[in-house]
Amino acid sequence: MKRILITGALGQIGSELITFLRKRYGNENVIASDIKLIPEEMVDQNRPFEHIDCLDAQEIYSVIKKYKIDAIFHLAAVLSATGEKNPQLAWKVNINGLYNVLEIAREYKCAVFTPSSIAAFGPSTPKDNTPQETIQRPNTIYGLTKVTGELLCDYYYSKYGVDTRGVRFPGIISYTALPGGGTTDYAVEIFYEALRNKKYTCFLDKDTYLDMMYMPDGLKAAVNLMEADPSRLKHRNAYNVTAESFNPEQLAREIKKYILDFEMNYDVDPMRQAIADSWPNRLDDSAAREDWGWSPDYNLEAMTKDMIEKLKIKLNIADK
Ligand code: AKB
């Protein structure tokens, strides 16, 4: 990877991946792009930003040619809860956008990273230690687009030799940009509410286990996979990765260690609960560990401590 394009760069993962990749590959070699306009404070000659709507193939083409891009981190996507509210939009953005990126990658010989998700599994998938290769019959539109995306990326690799790679991300927890429209978003919202108001009303039930990961591990997973020796990759799209599996009650208990009077309530949202119930409790990520040395740095305890420290600074909340 010499010159990298990130799509969806203003989203939760994108906004941190830009900084991570720029430190590694140089500011001028990482081109951020998004359908949203760049905020004033990010305008900088040395840190390129381009407007790209991934549904417009010409917009992607012109940026690929302009900067001689050889690797694309394609993050522009509609997440699970938003997808269920607008399935047509989810299909259009997640599938047509990916198709455009893959076609351009085929022509310009770019490597492509596309995140899949725990949503690529469904109710008939084994819930515990979910294997790398198993039943994938999701019942959400987001999940359908993720399975289709995995297969499409595999196809472009075997048919055209496009260097496609991906991981199945769990819920990503971070303090820089908020996630938008996901089912795992509670695990980010809870920190903001706990620090600001000392209480949180959770939209998932207390015993709903899901895989989660702290952002530094998510960035490491994406970049390590893209830098991995291709001859070692037995799978390409997409590797199971996880860092921690917990339920809302366990997260609340961990937060209470720092905010003693934190109060957790529940008001279950049937749509998001049904989505969460269709996903695994915990993935088996041994294939990623064996093939490219995946290993997370943060568990629930380490992540909670760091989130609280960093968010206190961000929200300007002083210790008493
Ligand atoms: C979502 O909740 O939709 C995402 C995901 C697990 O892919 N965070």
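Counting starts at 1 for both ligands and their atoms, following the listed order. In this chain, residues are counted from 1 in sequence order.
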### Task
Treat each ILVMFWY residue as a node, draw an edge where side-chain heavy atoms are under 4.5 Å apart, and state whether Val30 and Phe20 are in one component.
yes
Next on the checklist: Would Tyr142 count as a polar contact of ligand 1, with the cut-off being nitrogen or oxygen pairs under 3.5 Å?
Outcome noted: yes
In sequence, state the C-alpha distance, the side-chain angles, and the governing distance for Asp291 and Tyr239, and then conclude on side-chain hydrogen bond (donor to acceptor under 3.5 Å, both in side chains).
CA-CA 10 Å; Asp291 291 5; Tyr239 278 94; 2.7 Å; yes
Short N/O distance, under 3.5 Å, between Asp185 and ligand 1?
no
One finds that the ligand 1 atoms under 4.0 Å from a non-hydrogen atom of Trp279 are 1 (C), 2 (O), 3 (O), 6 (C)
Looking only at protein heavy atoms, what sits closest to atom 5 (C) of ligand 1 is Ser117 OG, 3.5 Å
Classify the ring geometry between Tyr156 and Tyr99 as parallel (under 30°), tilted (30 to 60°) or perpendicular (over 60°).
-> perpendicular
Going by the 4.0 angstrom heavy-atom rule, the piece of Ser80 near ligand 1 is both
Ligand 1 atoms nearer than 4.0 angstrom to some heavy atom of Leu79 are 3 (O)
Requested in this report: Classify the angle between the aromatic ring planes of Tyr186 and Phe246 as parallel (below 30°), tilted (30 to 60°) or perpendicular (above 60°).
Outcome: perpendicular
Looking at Ile275, Thr184, Thr140, the heavy atom closest to atom 8 (N) of ligand 1 belongs to Thr184
Should Gln273 and Asp269 be marked as a side-chain hydrogen bond (donor to acceptor under 3.5 Å, both in side chains) after you check the CA-CA gap, both sets of side-chain angles, and the distance that decides it?
CA-CA 6 Å; Gln273 185 65 45; Asp269 167 21; over 6 Å; no
Checking heavy-atom distances from atom 2 (O) of ligand 1 to each of Ile172, Thr183, Ile118, the winner is Thr183
Side chains of Glu309 and Tyr258: do they bring a donor and an acceptor to under 3.5 Å? no
